[in-house]
Amino acid sequence: MRKLFLLLAMGLMLASCEDNTPDNNGPTPTPTPTPTPTPGDEVELTLLSEGAMVFSANGGNGTISYSITGASASDIVVTTDLEENDQWVIHINSQTPNEITFSVKRNQTNFSRSCNITASCGEESFTVMVNQKANSEIDETVVAPKLHGIYYGNRDGADYNYYLFFTDGELSGGDWAQEQGYGWFRKFTHNTPNAYYYTVDLYSNKPDDGTLTVPDGEYEVKWQATGMGPVIEGGFSVYERMNEYGGVAESWNFSDGKLIVEGNKFELLVTLYDFENGVRIGRHYVTFEGDYSLYNDSTGQIIE
């Protein structure tokens, strides 16, 4: 009986072992996959600059600083909320790590403006507001009652030269004189007592069309001294205020600025600057609208 009991016990043990042995011909269990974190869970994007920036009407360049982990600068997408036909925040560059650079165009309007720059990466984002002051925020506004000028053509070998005076005074003379190596030219003076003169040395790539008027367009102040338009040559463009005897009491060049011409309407916005002492004098907004004509000095010889 004891032997029979042992045999039965051994049989049960063997059966138990066989039941726990996996079937090599059966399917292999598939392990449960470990969840993979999404990129949005890993990326951290933090603004380090101020949340708002202010630019003058002149515009300029801006830099937004930030930090990022879990991604790189190439993963960042930068957008603005500007309309397609009114892009005044331009040249946006986000390729440099930890900074976004951009440029703000000059504001030619009398209204301030603002927009939002948004940087995003995955679910992370931040927004910076860009504000720009109006063009009306200037030091002095002048409505010039007179516009005098001379058309020199391209007699000096550059583009077509228009020499303009926005003033409340007069342009005197106009007789012909001769200078060796230059030829015949008209001789003028601008010396009305207590008058102001904004002198603009303008070059256009368009010749006079027979009307002796300035071609429409935008002309920016530059110190290139090449006479290639459209441009205002800074070296011969100047503001002058006369004293009571008609002599020069004040004289300042333009450090920057622009002239917009539309028919008989002129808008001149310039910054007067004391280059000798490195001092900004002021920003002047000068307008003229009305009939005018230029003296013709394009031939280099006497015109009867």
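- Heavy-atom contacts from other residues, nucleotides or ligands closer than 6.0 Å to CD of E44 number 12 or fewer.
- Taking the six-membered ring where the residue is Trp, F165 and Y197 present perpendicular rings, their angle passing 60° and hence far from 30°.
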Side chain to side chain donor-acceptor pair (under 3.5 Å) between T118 and N116, worked out: CA-CA 6 Å; T118 300; N116 291 316; over 6 Å; no

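- Expressed to the nearest 0.5 Å, how far CG of L272 lies from NE2 of H284 amounts to 4.5 Å.
- Under a 3.5 Å cut-off, the side chain of E233 and the backbone N or O of T226 do form a donor-acceptor pair.
- Between the side chain of R241 and the backbone N or O of N194 there is at least one donor-acceptor pair closer than 3.5 Å.
- Using bins of under 30°, 30° to 60° and over 60° for the plane-to-plane angle, the ring pair Y198/Y239 lands in the tilted bin.
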How far apart are the C-alpha atoms of E170 and H148, what are their side-chain angles, what is the distance that settles it, and do they pass the side chain to side chain contact (heavy atoms under 4.5 Å, CB included) test? CA-CA 8 Å; E170 300 296 336; H148 304 300; 3.7 Å; yes

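- The structure places OG of S298 at 10.5 Å from OH of Y160, a figure rounded to the nearest 0.5 Å.
- Counting heavy atoms from C-beta outward, D274 and W252 have side chains that approach closer than 4.5 Å.
- Taking OH of Y152 as the reference point, atom OH of Y295 lies at 12.0 Å (rounded to 0.5 Å).
- Within a 6.0 Å sphere centred on NZ of K105, other residues, nucleotides and ligands contribute 12 heavy atoms or fewer.
- Placement of V130 and Y66 within a single hydrophobic cluster is found when ILVMFWY residues are connected by side-chain heavy-atom separations under 4.5 Å, directly or transitively.
- Atoms CD1 and CD1, from I117 and I64 in turn, are 4.5 Å apart once rounded to the nearest 0.5 Å.
- Proximity of a side-chain donor or acceptor of N161 to a complementary backbone N or O of D201 within less than 3.5 Å is not detected.
- Counting all heavy atoms, side chain and backbone alike, I100 lies closest to S94 at CG1-CB, 4.1 Å.
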With side chain to side chain contact (heavy atoms under 4.5 Å, CB included) as the criterion, how do L47 and S49 come out once you've worked through the C-alpha distance, each side chain's angles and the decisive distance to 0.1 Å? CA-CA 6 Å; L47 173 66; S49 303; 4.2 Å; yes

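- At most 12 heavy atoms of other shown residues, nucleotides or ligands fall within 6.0 angstrom of atom CD in E50.
- Side-chain N or O atoms of D168 include one that pairs as donor or acceptor with a backbone N or O of Y196 at under 3.5 Å.
- Checking T63 against T101 by side-chain atom types alone, no donor-acceptor pair falls below 3.5 Å.
- Under the side-chain contact (heavy atoms from CB on, under 4.5 Å) criterion, Y273 pairs with S255, F275, R280, not counting sequence neighbours.
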